[in-house]
Every structure is written in structure tokens, then in C-alpha cells.
Amino acid sequence: MEPERIFKKAESGRPLNREELKTLLTLEKEDDVSRLLEEAYRVKLAAVGKKVYFRGIIEFSNICEKNCLYCGIRRDNGSVERYELPEEAVLAAAEFASSRNYGSVVIQAGERSDEGFVSTVEKLLKKIKKASSGKLGITLSLGEQSEEAYRRWFEAGAHRYLLRIETSSRELYKRLHPKDHSFDGRRKCLELLKSCGYQVGTGVMIRLPFQTYDDLAGDLLFFREADVAMIGMGPYLPSGNTPFGKLTEKDFPISEDPCSLAIKMIAVARVFLRDVNIASTTALQALNPKGREMGLKAGANIIMPNITETRFRPSYQLYDNKPSVDENAVECVKRLEEAIAAVGEEIGYGEWGDSPHFGKKK
Ligand code: SF4
């Protein structure tokens, strides 16, 4: 089907199928790609508006029990200096976010499920909520946990949770993870999170080794089937100190430039899913200094500035050459404000910026 007919079908509210999604993802001609971006931006304005919402990221800890084969902070990477932020550093970052009128923060860490970790996070959530008089929204990105942990954190004040599936292809998932990591377990956690009342986000990596366009179309179908409120996805970036870091170009069936493909994936997600929140991730900026702005023009509406104290940032490298590692939070937000104004958008200061999709479901 021609792109224009696919756009019309999406506009009419009928879900796109795998072949139609693949048609959009494989557009190559400059005019066709420009038309896709134009349509995605039109849908964005109609469905979620022109405001960009900030989520200040606090990289709470790089200690992880898991061993994903692509990740720079995987358990077996002995070259990483491990840390957990002291309570004062987390509260100071949250205070920075409040004072700058960010609507919310994201607390992100490697995965740990011990009681010490669960209760530390629970206490931090209560303190952040109290210090901000309940105003600061809190998203968690702390991996797979028990239902009890999810409930305790929800009751302590978190209201959104980001758990990326990384790929919706069961076969590819197996190649990305050691044998004791379970696709079904992760899928089940997404359901648990929804049943606890969270606004749930998920996402994938784009242009992974062994990944095909068909897999990416499947990822978009998965987002719809899982009925999530937010999407956080970006290009796969290798980390040298991992098993995947040793793979070569011949292991990538998709030869397209990862930044362009990630931008197209954002645009197709916007055309297909309409009213969800979509993040323009730091990984885009790692490939192109203007990557995050390009993400906004392709339909994204969320930006996650890093507000972790700079001295801890070099140890939270999920991939090599992560940008803004030494840029302090004030410099970072100044650059972002300029970049957002340059693309003609405004920042939703002081607002949580929940996804309209979640609001409608409620
Ligand atoms: S991707 Fe997440 S769960 Fe996997 S090793 Fe990295 S931090 Fe741990």
C-alpha cells in the first residue's frame, strides 16, 4: 500500500498491519521520508500538542544483578566502578528538578531485588514526595521486580514505570540475554505494573545485531497490544566491554544508518499509536548532536535531561561515548531550552505531562 493510503487508514482509526508498518519503516527516498516526518508531526500536534515535557533522570545506582549481553553495566563487567547514590545526592537532584519547575523525575538504576534496595527506594520516594509537597511526578525505571515491590513503590508515590522489553521478538530476546533471563517474565512484569495502577512505558533498541525490519514492525505491534502509555526507544549503541561489543557489521542485517532509522521508528510510532508519550532519547544525541531535536520533529514529546551529579555519571555508561557525561544539569537545561525553542516548541514547566492515552483509558 502507498504511504498516503496508510496515513489515511491510520487517521481513520483502523490499526495498521505488519506489512503497512514495514512499508513506512523501509521508506528510502528523501521525499518519502520527509512526508512521513511531516505526517508524524501533524499527528503529534493533533494528539499530544506542542509541549515538550522534561523528566529529570537520576541515575541512582549502576549495580545490577543481570547480565544482558549488550549492556555496559552488566554484572560481569569488572571494569565498572559500582556506586549507589547517597540519599542526599538523590534528594538534591530532586530538589534541583523542583526548583527548576520540571514536572517530574525518573529514578533509574541497574536491577536489584533484595529487600535493602526495595526499602531504600521506598524511603526515597516518600522523602521526595514530602519535600516537593507531592508536586514532583516520579517515574521509576528499576527493572523486573516482585508485585509487592511494585505496589510498595506505587503507594510510596511513584506513578509511572518504564520497563523496556528491548525487543518484542522472542528469538532475538534470547540472543540478547543469557539463558536465565526470561522474555515471559518481563512481559508479565508489564502486566503487573498496569494492575498496580502505574502508567506503563516500554521500548526497544533499534538496529540491534540480528534484528530485521520485520522485528521492528513487530515491536510497534507489541506496543499497541501491550497498550502502553509511553514509549522510550533509541538506537542500539555498542559497549566495548560486553559480548555484543565484539560483533561486527556483518552481524547487522539492517545496513541503514541507526540514527535515521530510529527517527523513522519514532515517526511511525506516532502515526500508528497517536496519543502516547514518546521520548526523544539521549542515545539519539550520541549519534547526532541534534538527534533529540530531530526526535521532537519526528513526533516525540518527552526529553529526559540528566540531573545526576556529574561525578557519578562516568560510571553509568550503558554504551560507549554517552553524551553530556560532564555537562552539569544547569548547562544541560540551558542548551535544551535553546534547542526546543529553535524547533518552535515550548516546555511544559510545572506539569507532569501524563500521556493523553492513559487519561483516556482512565
Ligand atoms: S540492561 Fe538493565 S538489567 Fe540488563 S544488565 Fe543493563 S542495567 Fe542490568
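Note that ligands are numbered from 1 as they come in the structure, with each ligand's atoms numbered from 1 the same way. Quantities reported herein were computed from a predicted structural model and do not represent experimental measurements. Values below: every heavy atom of this structure, side chains too, minus hydrogens, waters and symmetry copies.
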query = Would a search of protein heavy atoms around atom 2 (Fe) of ligand 1 find one under 4.0 Å away?
reply =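 There is no protein heavy atom less than 4.0 Å from atom 2 (Fe) of ligand 1.
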Within the 4.0 Å heavy-atom cut-off, what Cys64 brings close to ligand 1 is side chain
key: Side-chain H-bond candidate by donor/acceptor type, Asp354 with His159, under 3.5 Å   =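 On atom types as modelled, these side chains qualify, holding a pair under 3.5 Å.
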Open item on the list: I need the atoms of ligand 1 closer than 4.0 Å to a non-hydrogen atom of Cys68, numbered in the order shown.
Closed with: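 Answer for ligand 1: 1 (S), 3 (S), 4 (Fe), 5 (S).
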Which ligand 1 atoms does Ile73 reach within 4.0 Å, using its non-hydrogen atoms?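 Answer, ordered by atom number: 7 (S).
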For Met304 and Thr282, which heavy atoms make the closest approach, and how far apart are they?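 Smallest heavy-atom distance, with atoms named: O-OG1, 4.2 Å.
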Is the charged tip of Arg175 near the ring of Phe210: under 6.0 Å from the six-membered ring centre and within 45° of its axis? yes
Checklist line | Six-ring centre of Phe183, Lys174 cation under 6.0 angstrom, axis tolerance 45° | finding: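 Checked: cation-pi criterion not met.
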Item to complete: Give a yes or no on whether a salt bridge exists between Arg35 and Glu39, defined as a side-chain N under 4.0 angstrom from a carboxylate O.
Response: yes
- Message: Under 2.8 Å from atom 6 (Fe) of ligand 1, can any N, O or S atom of Cys71 be found?
- Response: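 Cys71 does place an N, O or S atom closer than 2.8 Å to atom 6 (Fe) of ligand 1.
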